[in-house]
Amino acid sequence: MVRVAVLAGGPSNEHEVSLATSANLLIGLRAGGHDARPVLITRDERWCVGRADDELSDAQAAAAAGEHLPASEALARLADDDTTAYIGLHGAFGEDGQVQRLLEAAGIAYTGSGPVASAMGMDKELMKLAATKLGAACARHEVVEPGPEIPIGRVLAVTGLPCFVKPVNGGSSVGVTRVTERADLAGAVRRARQEDGHGRVLVEEAIDGMEVTCGVLRVEGVPHCLPLVAIDPKGHEFYDYRAKYASEQTAYICPAVVSEQAAESMREVSRALFVALGLRGVARVDFIVERETGRACFLEVNTLPGFTEHSLVPLAARTDGMALPVLLDHVLRDNSAVPVGRP
Ligand SMILES: Nc1ncnc2c1ncn2[C@@H]1O[C@H](COP(=O)(O)OP(=O)(O)OP(=O)(O)O)[C@@H](O)[C@H]1O
Ligand SMILES: [Mg+2]
């Protein structure tokens with residue numbers, strides 16, 4: 001039995017998704033026999049430390065009643081109780097290394113990747129460069145830096161139309177637009193810019209094909225690929241926020257039906273990125289298998305994949321015969337107090 005605090009909510013635009021993830025983490029950790037409590041981080045970064053048998057809703061009610069603490073006091077309390085932080089956050093602050101840095105400074109062991117690996121994993125441009133170096137195919141792309149000019153001609157000369165516009169550091173498809181008309185590009189860039197902490201925007205060629213994701217879980221020191229999941233966002237142009245979390249029509253096929261060559265290349269790239277970045281716990285790598293060529297095109301890495309009802313890693317683990325408490329135990333054991341790569 002481990003004393004665990006599930007960090008939930010946070011200041012990012014994925015606050016709601018994090019609440020859904022964290023509710024499932026509490027259920028899974030308690031089913032695994034752990035003493036798990038919620039720690040709600042409000043949108044304005046105040047911390048509300050719940051009691052051992054509290055649900056997230058209790059922590060939300062306490063936060064609404066003004067029972068919250070500055071981060072430093074909440075962290076001191078968790079450190080005194082010898083608690084391991086299970087990070088259920090997504091997006092900026094939770095997934096980009098900031099909270100990991102705070103936890104390290106407070107001497108609290110936490111699940112998932114370290115501050116540097118998290119920051120790198122969150123940067124979609126950097127990860128495309130890394131994946132290319134590892135031999136993966138990637139969509140052609142251009143980055144639009146902050147500034148008054150949006151270089152429409154330069155971007156479209158590289159990506160063509162249709163293209164995808166997204167924040168360089170983002171998640172849950174927030175701020176992502178599929179652009180089919182030249183006239184819509186500038187508006188899409190402005191929308192994506194608002195969702196990126198540094199105002200940087202990635203524009204990439206749209207790949208026509210099947211979306212496939214590969215979970216990687218470190219089991220007793222060794223990164224292990226979970227079964228591939230294919231996603232069909234039926235009725236949606238792409239796997240947008242509503243297709244991810246609201247739609248009951250989105251179809252998930254696990255194991256994905258793809259050629260052995262494409263499957264092996266996705267597993268190889270995913271495992272190699274996990275090792276190269278020194279990731280911990282569980283991560284998820286997204287691809288599109290191109291319809292015309294059959295090649296797997298790398299999209300991005302998620303160092304804190306979701307655990308909502310609709311999420312892909314718990315589904316892949318289940319398909320592998322691994323129940324949620326067992327999956328969470330592997331992540332819990334691969335915490336920041338354990339040297340990378342060691343059981
Ligand atoms: N180049 C592309 N070609 C085709 N579809 C794309 C492309 N880029 C993104 N998409 C679509 O947009 C979705 C979101 O893109 P991406 O995974 O890069 O962003 P995200 O917001 O980080 O998502 P996540 O929830 O996985 O963190 C993809 O799942 C896919 O449906
Ligand atoms: Mg994705």
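Just so it is clear, the model here is predicted, and its values are computed rather than measured. One-based numbering, in listed order, for ligands and for the atoms of each.
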J.: Can you tell me which residue and heavy atom of the protein come closest to atom 1 (N) of ligand 1, and the distance to 0.1 Å?
T.: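 I find the closest protein heavy atom is Glu204 OE2, 2.7 Å.
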
J.: Which option out of Ser173, Gly91, Gly306 puts a heavy atom nearest to atom 21 (O) of ligand 1?
T.: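 Nearest option to atom 21 (O) of ligand 1, by heavy atoms: Ser173.
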
J.: Report whether Leu26 and Val326 are members of the same hydrophobic cluster (ILVMFWY, side-chain heavy atoms less than 4.5 Å apart, transitive linking).
T.: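 Same hydrophobic cluster.
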
J.: Rounded to the nearest 0.5 Å, how far does CG of Leu19 lie from CD of Glu14?
T.: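 It is 11.5 Å, given to the nearest 0.5 Å.
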
J.: What protein heavy atom lies closest to atom 12 (O) of ligand 1? Include the residue and the distance to one decimal.
T.: Phe238 CD1, 3.2 Å

J.: Can you list the atoms of ligand 1 that are under 4.0 Å from a heavy atom of Leu299?
T.: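 Once the distances to Leu299 are compared, the set is 1 (N), 2 (C), 7 (C), 8 (N).
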
J.: Give every protein N, O or S atom lying under 2.8 Å from the Mg ion (ligand 2), naming each by residue and atom.
T.: Asp286 OD2, Glu300 OE2

J.: I want to confirm something. Looking only at heavy atoms, which of Lys244, Glu300, Glu290, Met122 is nearest to atom 25 (O) of ligand 1?
T.: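 Minimum heavy-atom distance to atom 25 (O) of ligand 1 goes to Lys244.
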
J.: What is the nearest protein non-hydrogen atom to atom 22 (O) of ligand 1, stated with its residue, atom name and distance?
T.: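 The answer is Lys124 NZ, 2.6 Å.
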
J.: Rounded to the nearest 0.5 Å, what's the gap from SG on Cys163 to CD on Glu205? Could you check?
T.: 10.0 Å

J.: With rounding to the nearest 0.5 angstrom, report the OG1 to CG distance, Thr213 to Asn302.
T.: 7.0 Å

J.: Check ligand 1 against Arg284 and write out every atom of the ligand that is under 4.0 Å from a heavy-atom position of the residue.
T.: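 Listed by number with element, the hits are 26 (O).
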
J.: Looking at CG of Leu29 and CG of Leu324, how far apart are the two atoms once the value is rounded to the nearest 0.5 Å?
T.: 7.5 Å

J.: Checking Gln100 side chain against Gly97 main chain: does a donor-acceptor pair fall under 3.5 Å?
T.: yes

J.: Is a donor on one side and an acceptor on the other found under 3.5 Å between the side chain of Thr111 and the backbone of Val331?
T.: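 Not confirmed, Thr111 side chain does not pair with Val331 backbone.
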
J.: Just need the protein heavy atom nearest to atom 29 (O) of ligand 1, so name the residue and atom and give the distance.
T.: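 The closest one turns out to be Glu211 OE1, 2.8 Å.
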
J.: When you measure from the side chain of Arg77 to the backbone N and O of Ser72, does any donor-acceptor pair fall under 3.5 Å?
T.: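 Not at all, since once roles are kept as given, no pair shorter than 3.5 Å links the two residues.
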
J.: Flag yes if Val338 and Ile108 sit in one hydrophobic cluster, no otherwise; membership is Ile, Leu, Val, Met, Phe, Trp, Tyr, and two members link when side-chain heavy atoms are under 4.5 Å apart.
T.: no

J.: Does Val158 offer a backbone N or O that forms a donor-acceptor pair with the side chain of Arg140 under 3.5 Å?
T.: yes

J.: Could you tell me whether the side chain of Ser259 and the main chain of Ala262 form a donor-acceptor pair under 3.5 Å?
T.: yes

J.: For the backbone of Phe287 and the side chain of Glu300, can you confirm whether one donor and one acceptor N or O come within less than 3.5 Å of each other?
T.: no

J.: With atoms numbered from 1 as shown, which atoms in ligand 1 lie under 4.0 angstrom from a non-hydrogen atom of Tyr239?
T.: 13 (C), 29 (O), 31 (O)

J.: Test of understanding: clusters of I, L, V, M, F, W, Y form through side-chain heavy atoms closer than 4.5 Å, transitively. Do Val17 and Met122 belong to the same one?
T.: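 Each belongs to a different hydrophobic cluster.
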
J.: I'd like the name of whichever of Leu304, Asn302, Leu312 reaches closest to atom 27 (O) of ligand 1 through any heavy atom.
T.: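 Of the listed residues, Asn302 has the closest heavy atom.
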
J.: Can you tell me the protein heavy atom closest to atom 9 (C) of ligand 1 and the distance?
T.: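 Going by distance alone, atom 9 (C) of ligand 1 is nearest to Lys166 NZ, 3.2 Å.
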
J.: Classify the contact between Glu205 and ligand 1 as side chain, backbone, both or neither, using a heavy-atom distance cut-off of under 4.0 Å.
T.: backbone

J.: Looking at ligand 1, would Arg178 count as a contact under a 4.0 Å heavy-atom criterion?
T.: no

J.: Taking non-hydrogen atoms only, is Phe164 closer than 4.0 angstrom to ligand 1 via side chain, backbone, both or neither?
T.: side chain

J.: Below 4.0 angstrom from a heavy atom of Ala206, which ligand 1 atoms are there? Numbered from 1 as shown, please.
T.: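 Selected atoms, number and element: 3 (N).
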
J.: Would you check if the side chain of Asn335 reaches a backbone N or O of Ala337 as a donor-acceptor pair within less than 3.5 Å?
T.: yes

J.: Is the contact between Ile288 and ligand 1 made by the side chain, the backbone, both, or neither, using heavy atoms and a 4.0 Å cut-off?
T.: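 For Ile288, the contact with ligand 1 is made by the side chain alone.
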
J.: Hey, which atoms in ligand 1 end up nearer than 4.0 Å to a heavy atom of Asp286?
T.: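 Selected atoms, number and element: 17 (O), 26 (O).
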
J.: Going through the distances and angles, do Thr21 and Ser18 end up as a side chain to side chain donor-acceptor pair (under 3.5 Å)?
T.: CA-CA 5 Å; Thr21 279; Ser18 163; over 6 Å; no

J.: Can you tell me the protein heavy atom closest to atom 3 (N) of ligand 1 and the distance?
T.: Ile207 N, 2.9 Å

